[in-house]
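Scroll down for the structure; my scribbles are underneath it.
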Amino acid sequence: MFPFMNFPLSFSFSSSSPSSLFRFIVLFIITVLIVCEKTRAVVKLPPNVSVPAVLVFGDSIMDTGNNNNNLATTARSNYPPYGKDFKGGIPTGRFSNGKVPSDLIVEELGIKELLPPYVDSKLEPGELATGVCFASGGAGYDPLTAQTSITISLSGQLGLFREYIGKLKAVVGEERTKFILKNTLYIVVLGSNDISNTYFLTRVRQLQYPNFSAYADFMLSSASTFLKEIYGEGARRIAVFSVPPLGYLPSQRTVGGGIRRDVVVKINDAVQIFNTKLSKQLESLNHNLPDSRMVYIDVYNPLMDIIVNYQKYGYKVGDRGCCGTGKIEVVFLCNRFTPLCSNDLEYVFWDSFHPTESVYKKLISPIIGKYLNKFL
């Protein structure tokens, strides 16, 4: 599953050469330690259960680089300091200092180390059978959200998924494709941009939906249509993440929290209204779609706990990002000329909107442990 598993363990040595024997023992111990370190967090699946791939739909929380070549959008992060702590310090289009949840999920499941972006021109055909990422920074359930940010809409991601199925059949054949589609873990992470940007920041949807509950219903209708569409293509194990506590994000506190940058309660209230509706809708879909396992994943409460009780988790700063002042800098405002904090491991947030890789790691492992059995 990982390239290090192919580390050679065959060495030639003679009993008359103590130094050769010593080198063999040292190399063997190092190899064992590497393997143990790399695999220690991998989840153990029950016998006869397979999760061959992970397919991700979503926004910048999950995007691994699908916006990189879209020069029309500002929702890109394929430049420093993004990727500062990624392998080789390379900015890949991930909206963080390192890995994002898409990567951590496939790693935790022991599938592969990174989840590649589907639109990458260098994507290897062999990657298709173990999963790709369709997520696009700036997307949402509301079509207007992606239209405004000029990114890949939810319907656009659905189109890419259907294209992916055709390519997968060409690589592994019809029967294997059916098996992969049925047993894959699908991840859906959207809604943050709809609520924070389209509804509260630009307020363009408030004219049509002055009552947020009505807008939440509109978002939910789009989400339900999408889930039914991927179900129709063969998806069965579908994890739908809740919207996080947006009112705690540094950028939201700066814009809507007043001079003291207080938590924006009205945004958190709106998020909870949508999350409650989403949870109930998934129950309804499961009841009406045979063999579906659509699972509501609560990230609101665990992330809020980290933000509010940041010191308990080993952080020193919970209300600002590492990049720049940490109060407003995100995407193009966080660039190679922007000063950085001295140690991002002390920060909950990398920029004013996205958590650090460290926080993602603290979230994903417990989430996998808590919810995985619901899909199996």
Side-chain angles (χ1 to χ4, degrees), residues 56 58-104 107 113-123 133 135-139 145-146 148-152 189 192-193 196-197 201 244 246 248-255 261 307 310 315-362:
V56 172
D59 53 28
S60 60
I61 297 296
M62 309 301 278
D63 189 356
T64 56
N66 284 309
N67 288 358
N68 288 356
N69 296 320
N70 179 5
L71 300 183
T73 184
T74 58
R76 288 182 287 117
S77 57
N78 56 334
Y79 46 80
Y82 287 97
K84 179 180 78 69
D85 300 311
F86 198 76
K87 294 191 304 182
I90 301 172
T92 60
R94 289 166 170 83
F95 293 77
S96 185
N97 58 303
K99 294 179 180 179
V100 293
S102 302
D103 304 309
L104 299 174
E107 189 174 32
E113 186 181 1
L114 301 170
L115 194 68
Y118 177 71
V119 303
D120 186 355
S121 60
K122 297 179 181 178
L123 180 69
C133 178
S136 174
T145 301
T148 303
S149 61
I150 320 176
T151 53
I152 307 172
V189 181
S192 293
N193 296 314
S196 66
N197 299 336
L201 181 61
L246 300 176
Y248 284 95
L249 303 189
S251 60
Q252 304 307 304
R253 296 173 72 143
T254 300
V255 172
R261 299 182 64 247
I307 297 170
Y310 60 91
Y315 300 108
K316 293 183 178 179
V317 182
D319 64 344
R320 290 177 286 112
C322 171
C323 189
T325 63
K327 298 176 181 179
I328 200 66
E329 292 86 352
V330 63
V331 293
F332 66 92
L333 293 177
C334 178
N335 56 61
R336 68 176 70 247
F337 303 108
T338 310
L340 297 177
C341 65
S342 59
N343 183 4
D344 55 54
L345 291 174
E346 297 178 346
Y347 283 68
V348 171
F349 293 97
W350 163 246
D351 58 23
S352 68
F353 202 88
H354 305 97
T356 57
E357 179 190 62
S358 170
V359 168
Y360 285 143
K361 286 181 175 179
K362 285 180 170 62

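Only a predicted model underlies this, so the values are computations on that prediction, with no experimental measurement involved.
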> How close do Tyr360 and His354 get, heavy atom to heavy atom, and via which atoms?
Replying inline: OH-CB, 4.2 Å
>> Return the CG to CD distance between Leu114 and Glu107, rounded to the nearest 0.5 Å.
In response: 7.5 Å
> What pairs with Phe353 under ring pair (Phe, Tyr, Trp, His ring centres under 6.0 Å), at least two apart in sequence or on another chain?
Replying inline: none
> Which residues pass the side-chain hydrogen bond (donor to acceptor under 3.5 Å, both in side chains) test with Ser358, sequence neighbours left out?
Replying inline: Tyr315
>> I need the Ser251 OG to Phe349 CZ distance, nearest 0.5 Å.
In response: 8.5 Å
>> So Ile152 and Tyr118, do their side chains get closer than 4.5 Å, heavy atoms only?
In response: no
> Who are the salt bridge (Lys or Arg N to Asp or Glu O under 4.0 Å) partners of Glu329, not counting sequence neighbours?
Replying inline: none
> Where is the tightest heavy-atom contact between Gly138 and Asp59, given as atom of each residue plus distance?
Replying inline: N-CB, 4.5 Å
> Can you name the one residue among Pro250, Cys322, Cys334, Cys323 that meets side-chain contact (heavy atoms from CB on, under 4.5 Å) with Ser352?
Replying inline: Pro250
>> Going by salt bridge (Lys or Arg N to Asp or Glu O under 4.0 Å), name the residues that satisfy it together with Lys327, two or more places apart in sequence or in a different chain.
In response: none
> Mind checking what makes ring pair (Phe, Tyr, Trp, His ring centres under 6.0 Å) contact with Phe332, not counting sequence neighbours?
Replying inline: none
>> Is a donor from one side chain sitting under 3.5 angstrom from an acceptor on the other, for Ser136 and Asn67?
In response: yes
> Asn335: what forms a side-chain hydrogen bond (donor to acceptor under 3.5 Å, both in side chains) with it, not counting sequence neighbours?
Replying inline: Thr338
> Got Thr64 and Asp103 here, is their nearest side-chain heavy-atom distance under 4.5 Å?
Replying inline: yes
> With a 4.5 Å limit on heavy-atom distance, are the side chains of Lys361 and Leu104 in contact?
Replying inline: yes
>> Keeping Tyr79 on the side-chain end and Val331 on the backbone end, is there a donor-acceptor pair under 3.5 Å?
In response: yes
>> Applying side-chain hydrogen bond (donor to acceptor under 3.5 Å, both in side chains), can you list everything that pairs with Ser77, at least two apart in sequence or on another chain?
In response: none
>> Show the nearest heavy-atom pair for residues Ser96 and Val100, with the distance to one decimal.
In response: CB-CG1, 4.0 Å
> Who are the salt bridge (Lys or Arg N to Asp or Glu O under 4.0 Å) partners of Lys362, not counting sequence neighbours?
Replying inline: none
> Is the closest side-chain heavy-atom distance between Leu246 and Ser192 below 4.5 Å?
Replying inline: yes
> What salt bridge (charged side-chain N to carboxylate O under 4.0 Å, His left out) pairs are there with at least one residue in residues 62-71, not counting sequence neighbours?
Replying inline: none
> Does a donor on one side chain and an acceptor on the other come within less than 3.5 Å for Thr92 and Arg94?
Replying inline: yes
> When rounded to the nearest 0.5 angstrom, what is the spacing between CD in Gln252 and CD1 in Ile328?
Replying inline: 8.5 Å
> Where do Ala139 and Thr151 come nearest, in terms of heavy atoms and distance?
Replying inline: N-OG1, 3.7 Å
> For the residue pair Ile150 and Ala72, what are the closest heavy atoms and their distance?
Replying inline: CD1-O, 3.4 Å
> For Asp319, what residues pass the salt bridge (Lys or Arg N to Asp or Glu O under 4.0 Å) criterion, not counting sequence neighbours?
Replying inline: Arg261
> Which pairs, with at least one residue in residues 69-91 and sequence neighbours excluded, count as a salt bridge (charged side-chain N to carboxylate O under 4.0 Å, His left out)?
Replying inline: Lys84-Asp344, Lys87-Glu113
> What is the distance from atom CG of Leu249 to atom CD1 of Ile307, rounded to the nearest 0.5 Å?
Replying inline: 6.5 Å
> Under 3.5 Å, is there a donor-acceptor pair between the Tyr82 and Asp351 side chains?
Replying inline: yes
>> Using modelled atom types and a 3.5 Å cut-off, is there a donor and acceptor pairing between side-chain atoms of Asn97 and backbone atoms of Glu357?
In response: yes
>> Could you check whether any side-chain N or O of Asn193 sits under 3.5 Å from a backbone N or O of Ala146, counting only pairs where one atom can act as donor and the other as acceptor?
In response: no
> Among all residues two or more places apart in sequence or in another chain, which pass the side-chain hydrogen bond (donor to acceptor under 3.5 Å, both in side chains) test with Tyr347?
Replying inline: none
>> Please check this pair: side chain of Asn197 against backbone of Thr145, looking for a donor-acceptor N/O pair closer than 3.5 Å.
In response: no
> Just how far is it from atom CG of Leu340 to atom CG of Asn343, taken to the nearest 0.5 Å?
Replying inline: 11.5 Å
